[in-house]
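Start at 1 and go down the list; that is how both ligands and their atoms are numbered. Only a predicted model underlies this, so the values are computations on that prediction, with no experimental measurement involved.
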Amino acid sequence: MNREIQSLSPEYTHALGLKLGKLLQGGDVICLIGDLGAGKTALAKGIGEALAVKEPMTSPTFTFQIEYWGIAGNKPIRLIHMDLYRLRFPEEVEIIGVEDAFQEDAICLIEWPEIAADILPEDCLEIRIEGSGEEPRNISFRSNTNDWERRLKEFEEVS
Ligand SMILES: Nc1ncnc2c1ncn2[C@@H]1O[C@H](COP(=O)(O)OP(=O)(O)O)[C@@H](O)[C@H]1O
Ligand SMILES: [Mg+2]
C-alpha cells in the first residue's frame, strides 16, 4: 500500500504530523526517510505535538535518540525520537541499542533508518519525503499491514 500527499509548506508538513500523531499507539515504529532538510524533523515535531509532548523537540542528530513523555489514548506514552544519520556501521545500531526502543509502551520515530534495516520491525510505517529547499514536498506512506492501512485511511479522511 502506498499513499502520497503533497506538502507546500513546513506548516503543512507539521500539520500532517499532528494528524498522524493522533492515530499512533504504543509499539508503533515510524521510519522517516529523506535527504537532509527534507522535513523529517518537522513532521516528527507535529507528531510530538499530537502526543502532547511538553518540551520543545530538538533534532537528535548528535545524541542519536531523545526520549519524551507524551499521551496517547489518555495513557502516558514514551516517544523515542532517533536520528541515525551519524552512524556508519550496522554494528553501531546494536551498540546504541536501537532495538531496545521497540517496546509496547513506546512510539518510535527513526530518521535515517536505513542503517538499521536488518532490525526494523516488519510492521513499521515508512514515510518518505522528497524535495528540498523551498520546493513542495512529496510525502509518501508505505506499510504492509492491515492495521496501518486502516489507520492511514482514517488519516486521509481527516487530511
Ligand atoms: N513543505 C515543507 N515541508 C517541510 N519542511 C519544509 C517545507 N518547505 C520548506 N521546508 C524547510 O525545510 C527544512 C526541513 O528541516 P528538517 O525538518 O530539520 O529536515 P530533516 O529533519 O529532514 O533534515 C526546514 O528549514 C523547513 O522550513
Ligand atoms: Mg532531522
Asks: Considering non-hydrogen atoms of the protein only, which is the closest contact for atom 18 (O) of ligand 1, and what is the distance?
Replies: Thr41 CB, 3.7 Å
Asks: What atoms of ligand 1 come within less than 4.0 Å of a heavy atom belonging to Lys40?
Replies: 17 (O), 19 (O), 20 (P), 21 (O), 22 (O), 23 (O)
Asks: Within a distance under 4.0 Å of any heavy atom of Ala42, pick out the atoms of ligand 1 and give their elements.
Replies: 17 (O)
Asks: Would a 4.5 Å heavy-atom cut-off, applied to side chains only, mark Leu152 and Leu125 as touching?
Replies: yes
Asks: Among all the protein's non-hydrogen atoms, which is closest to atom 27 (O) of ligand 1, and how far away is it?
Replies: Pro10 CG, 3.3 Å
Asks: Check each atom of ligand 1 against the heavy atoms of Leu8 and keep those under 4.0 Å away; list them by number with element.
Replies: 1 (N)
Asks: Can you tell me the protein heavy atom closest to atom 11 (C) of ligand 1 and the distance?
Replies: Arg137 NH2, 3.7 Å
Asks: For atom 16 (P) of ligand 1, which candidate among Gly133, Gly39, Gly46, Ala44 provides the closest heavy atom?
Replies: Gly39
Asks: With the Mg ion (ligand 2) as the centre, enumerate protein N/O/S atoms below 2.8 Å in chain and residue order.
Replies: Thr41 OG1, Glu111 OE1
Asks: I'd like to know if Arg128 pairs up with Glu130 as an ion pair, taking the criterion as any Lys NZ or Arg NE/NH1/NH2 lying under 4.0 Å from an Asp or Glu carboxylate oxygen.
Replies: no
Asks: Would you say Met82 and Leu109 make side-chain contact, with heavy atoms under 4.5 Å?
Replies: no
Asks: Report, in ascending order of atom number, the atoms of ligand 1 lying under 4.0 Å from any heavy atom of Ser9.
Replies: 1 (N), 2 (C), 3 (N), 7 (C)
Asks: Short check: is a protein heavy atom less than 4.0 Å from atom 8 (N) of ligand 1?
Replies: yes
Asks: Which of the numbered atoms in ligand 1 are under 4.0 angstrom from any heavy atom belonging to Asp35?
Replies: 22 (O)
Asks: Taking all non-hydrogen atoms of both residues, which atom of Ile33 and which atom of Lys40 are closest, and how far apart?
Replies: C-CD, 4.0 Å
Asks: Thinking salt bridges, do Arg151 and Asp28 make one under a 4.0 Å N-O criterion?
Replies: yes
Asks: Any Lys/Arg nitrogen of Glu154 or Lys22 sitting under 4.0 Å from an Asp/Glu carboxylate oxygen of the other?
Replies: no
Asks: Please report the closest heavy-atom contact between Cys31 and Leu120, naming both atoms and the distance.
Replies: SG-CD1, 3.8 Å
Asks: Any idea which heavy atoms bring Tyr85 and Thr61 closest together, and the distance?
Replies: CD2-CG2, 4.5 Å
Asks: Show the atoms of ligand 1 that are less than 4.0 angstrom away from any heavy atom in Leu36.
Replies: 23 (O)
Asks: For ligand 1, which atoms, with element, lie under 4.0 Å from some heavy atom of Glu111?
Replies: 21 (O)
Asks: Does the protein come close to atom 4 (C) of ligand 1 - that is, does one of its heavy atoms sit below 4.0 Å from that atom?
Replies: yes
